[in-house]
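A quick write-up on the structure given underneath.
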Amino acid sequence: MTDRLSTFDASLKKATVPYRKVGGHEILADVYRPKKSNNVLPVIVYIHGGALIMGSRKLTNEHDVLARLLSLAEENDCAVVSLDYRLAPETKLPAITGDIEAAFAWLGGDGAKCFHLNTDQMVVVGDSAGGFLALMAGFRIHPKPNALVALFGYGELNADWYTKPNPYPKYNVKKISREEAMQQTDGTAISDGSFRKGESSRIYMYYRQSGLWPQEVSGFSAESIAKDIAPYEPVRNVTRGYPPTLMIHGTQDTDVPFEESLKMAEEFKRHGVPYILRSIDKGEHGFTGGNTAQIEDAYNTMREFMLKYLEAK
């Protein structure tokens with residue numbers, strides 16, 4: 001990751017700071033600012049993916065979402081803040097959500113003061129589980145973002161695609177037992193998936209093979225999960241005041257179904273929320289297999305969308 005982002009070293013200054021400390025565990029954010037500017041800057045907040053189990057603020061996918069955000073910041077005098085948050089299963093959904101809420105409270109207070117950030121000009125971007133958290137930021141955090149971008153994200157947590165075993169072959173090449181999966185954790189809270197023991201995706205694969213992800217990540221019982229998890233599901237919490245949202249999603253995503261973005265689009269339309277949904281034909285999770293020109297066009301849409309909403313109100 002360091003090598004892939006090294007092109008920005010000459011123009012962007014990076015600071016790594018704890019935005020929250022819980023039980024002695026510091027949760028970190030990377031703040032990037034153009035070196036040439038001392039102004040109070042608009043801010044892009046990036047929330048990484050990884051099924052709430054893997055990844056970190058340094059995460060990048062095959063299309064380098066974070067690198068694209070840094071490029072935009074460099075060229076348009078913006079700041080980027082990339083967030084860690086505690087990961088499941090050691091930390092459950094309510095506490096993970098608490099981390100995200102605390103991150104934005106910090107951004108609107110000490111973070112803004114320390115790094116000269118204008119959170120009245122703020123866009124939140126996330127991919128996959130980060131896309132879910134970005135969508136959740138539309139109704140759970142303060143200060144409220146001007147706009148959201150969700151890349152192959154989701155608005156439901158307790159739906160068939162997560163509560164039933166994933167049927168696609170690549171998720172079933174090797175059956176993972178609970179014992180094998182739990183060898184990756186000793187129960188200690190972490191906020192960087194690279195600290196896990198062994199193959200980083202083992203816990204996730206076990207949850208997807210067994211359909212246990214919603215229960216194990218949320219900590220809610222099978223009997224109460226539908227009720228208890230609803231306050232965290234973006235698709236059930238859209239109102240007219242929800243921020244304008246851009247969604248980009250592959251039509252053949254076997255990890256997070258394309259229908260998840262379609263359902264969010266239906267809710268946005270029903271409540272009169274401005275939105276754009278860009279589909280990547282034949283795109284898998286992360287847009288793999290999609291047409292390169294179509295992917296780049298979608299990213300250009302993301303760039304234009306973000307610049308529009310980073311402007312002063």
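Basis for what follows: all heavy atoms, side chains included, without hydrogens, waters or symmetry-related copies.
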Would you list the atom pairs, donor with acceptor, under 3.5 Å between side chains in residues 14-23 and any protein atom, with sequence neighbours excluded?
unit_1, atom_1, unit_2, atom_2, d
Thr16, OG1, Asp30, OD1, 2.6
Tyr19, OH, Asp84, O, 2.6
Arg20, NH1, Gly98, O, 3.3
Arg20, NH1, Asp99, OD1, 2.7

Determine, step by step, whether Leu148 and Val125 satisfy the side-chain contact (heavy atoms from CB on, under 4.5 Å) criterion, reporting the C-alpha distance in whole Å, the side-chain angles of both residues, the deciding distance to 0.1 Å, and the verdict. CA-CA 6 Å; Leu148 311 173; Val125 182; over 6 Å; no

Run the numbers on Thr239 and His271 for side chain to side chain donor-acceptor pair (under 3.5 Å), then give the verdict. CA-CA 6 Å; Thr239 65; His271 290 278; over 6 Å; no

Hey, mind stepping through Leu246 and Met302 against side-chain contact (heavy atoms from CB on, under 4.5 Å) and telling me if it holds? CA-CA 7 Å; Leu246 167 66; Met302 180 178 83; 3.7 Å; yes

Could you go through Tyr204 and Asp255, starting from their C-alpha distance and side-chain angles, then the distance that decides it, and tell me whether this counts as side chain to side chain donor-acceptor pair (under 3.5 Å)? CA-CA 11 Å; Tyr204 179 59; Asp255 191 20; 2.5 Å; yes

Begin with the C-alpha distance, continue with both residues' side-chain angles, and end with the deciding distance and a verdict on ring-ring contact (aromatic ring centres under 6.0 Å, His included) for Tyr85 and His48. CA-CA 9 Å; Tyr85 48 88; His48 72 81; 4.5 Å; yes

Assess whether side-chain contact (heavy atoms from CB on, under 4.5 Å) is satisfied between Leu12 and Lys35, documenting all intermediate values. CA-CA 5 Å; Leu12 296 175; Lys35 292 180 179 179; 5.8 Å; no

Evaluate side-chain contact (heavy atoms from CB on, under 4.5 Å) for Gln183 paired with Lys197, printing each intermediate quantity in order. CA-CA 7 Å; Gln183 287 174 358; Lys197 304 168 187 176; over 6 Å; no

Verdict with supporting geometry, Thr254 and Glu284, side chain to side chain donor-acceptor pair (under 3.5 Å): CA-CA 6 Å; Thr254 58; Glu284 244 285 8; 2.2 Å; yes

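Remark: Gln121 CD to Ile44 CD1 distance equals 11.5 Å, nearest 0.5 Å. Atom-to-atom distance recorded for Ser82:OG and Leu28:CG is 11.0 Å, nearest 0.5 angstrom. Between Tyr168 atom OH and Gln252 atom CD the span is 9.0 Å, to the nearest 0.5 Å. With rounding to the nearest 0.5 Å, the separation of CD1 in Ile96 from CD in Glu101 is 12.0 Å. Here OH of Tyr206 is found 11.0 Å from CD1 of Ile176. Values are rounded to the nearest 0.5 Å. Summarising the geometry, atom CE belonging to Met122 is positioned 10.0 Å from atom CG belonging to Leu117; distances are rounded to the nearest 0.5 Å.
When each of Tyr162, Trp161, Tyr207 is checked for a ring pair (Phe, Tyr, Trp, His ring centres under 6.0 Å) with Trp213, only Tyr162 meets the rule.
With Ser128 contributing its side chain and Gly130 its backbone, the two residues share no donor-acceptor pair below 3.5 Å. Between the Glu156 side chain and the Glu260 main chain, no donor and acceptor come within less than 3.5 Å of each other. A donor-acceptor contact shorter than 3.5 Å links the side chain of Ser218 to the backbone of Pro214. Side-chain atoms of Gln215 never come within 3.5 Å of backbone atoms of Ser221 as a donor-acceptor pair (strictly under, hydrogens ignored). Without hydrogens or angle criteria, Glu216 side chain to Ile203 main chain gives no donor-acceptor distance under 3.5 Å. A side-chain donor-acceptor contact under 3.5 Å links Asn146 to the backbone of Tyr309. Side-chain atoms of Asn172 come within 3.5 Å of backbone N or O of Asn166 as a donor-acceptor pair.
For the pair Thr251 and Ser279, the tightest heavy-atom approach, listed with the atom from each and the gap, is CG2-CB, 3.8 Å. What you find for His249 and Gly153 is that their closest heavy atoms are CE1-O, 3.4 Å. Of all non-hydrogen atoms in Ile295 and Phe287, the two that sit nearest each other are CD1-O, 3.5 Å. The shortest heavy-atom contact between Ile280 and Ala298 is CD1-CB, 3.8 Å. Across Ala129 and Gly50, no two heavy atoms sit closer than the pair CB-N, 4.0 Å. Shortest non-hydrogen contact noted between Leu83 and Ala29 is CD2-CB, 3.9 Å.
Under the rule for a salt bridge (charged side-chain N to carboxylate O under 4.0 Å, His left out), the partners of Glu75 that lie at least two apart in sequence or sit in another chain are Arg303.
Side chains of Ile47 and Val124 form a contact here, defined as non-hydrogen atoms less than 4.5 Å apart. Contact annotation: the side chain of Arg140 never approaches that of Ile100 to less than 4.5 Å [non-hydrogen atoms, C-beta and beyond]. Taking 4.5 Å as the limit, some side-chain heavy atom of Leu133 sits within range of a side-chain heavy atom of Leu52. You'll find the side chain of Arg57 stays beyond 4.5 Å of the side chain of Leu66, heavy atoms only. With a 4.5 Å cut-off on side-chain heavy atoms, Pro167 and Lys164 do not count as touching. Two residues are said to be in side-chain contact when any heavy atoms from C-beta on lie closer than 4.5 Å; Pro145 and Val123 fail this criterion. You'll find the side chain of Ser261 stays beyond 4.5 Å of the side chain of Tyr275, heavy atoms only.
Using a 4.0 Å cut-off between charged nitrogen and carboxylate oxygen, Glu180 and Arg202 do not count as a salt-bridge pair. A salt bridge does not link Arg68 to Asp64: none of the charged side-chain nitrogens sits closer than 4.0 Å to a carboxylate oxygen. Salt bridge status for Glu74 with Arg33: absent, with no side-chain N to carboxylate O gap under 4.0 Å. The pair Asp192-Lys58 meets the salt-bridge criterion, with a side-chain N (NZ, NE, NH1 or NH2) lying under 4.0 Å from an Asp/Glu carboxylate O. Between Glu233 and Arg236, at least one side-chain N (NZ, or NE/NH1/NH2) sits under 4.0 Å from a carboxylate O, which counts as a salt bridge. Looking at Glu267 and Arg270, a side-chain N of the basic residue comes within less than 4.0 Å of a carboxylate O on the acidic one, giving a salt bridge.
No donor-acceptor contact under 3.5 angstrom links the side chains of Gln294 and Asp297, judged on distance only. Looking at Arg86 and Ser191, their side chains never bring a donor and an acceptor atom within 3.5 Å of each other.
If you chain together hydrophobic residues whose side chains sit under 4.5 Å apart, Val31 and Val40 never meet in one group. Cluster membership check: Tyr32 does not share its hydrophobic cluster with Leu41, using side-chain heavy-atom separations under 4.5 Å among Ile, Leu, Val, Met, Phe, Trp and Tyr.
A ring-ring contact (aromatic ring centres under 6.0 Å, His included) check over residues 92-143, counting only residues at least two apart or in different chains, returns the pairs Phe132-Tyr154.
By the 30° and 60° cut-offs, the orientation of the rings of His285 relative to Phe152 is perpendicular.
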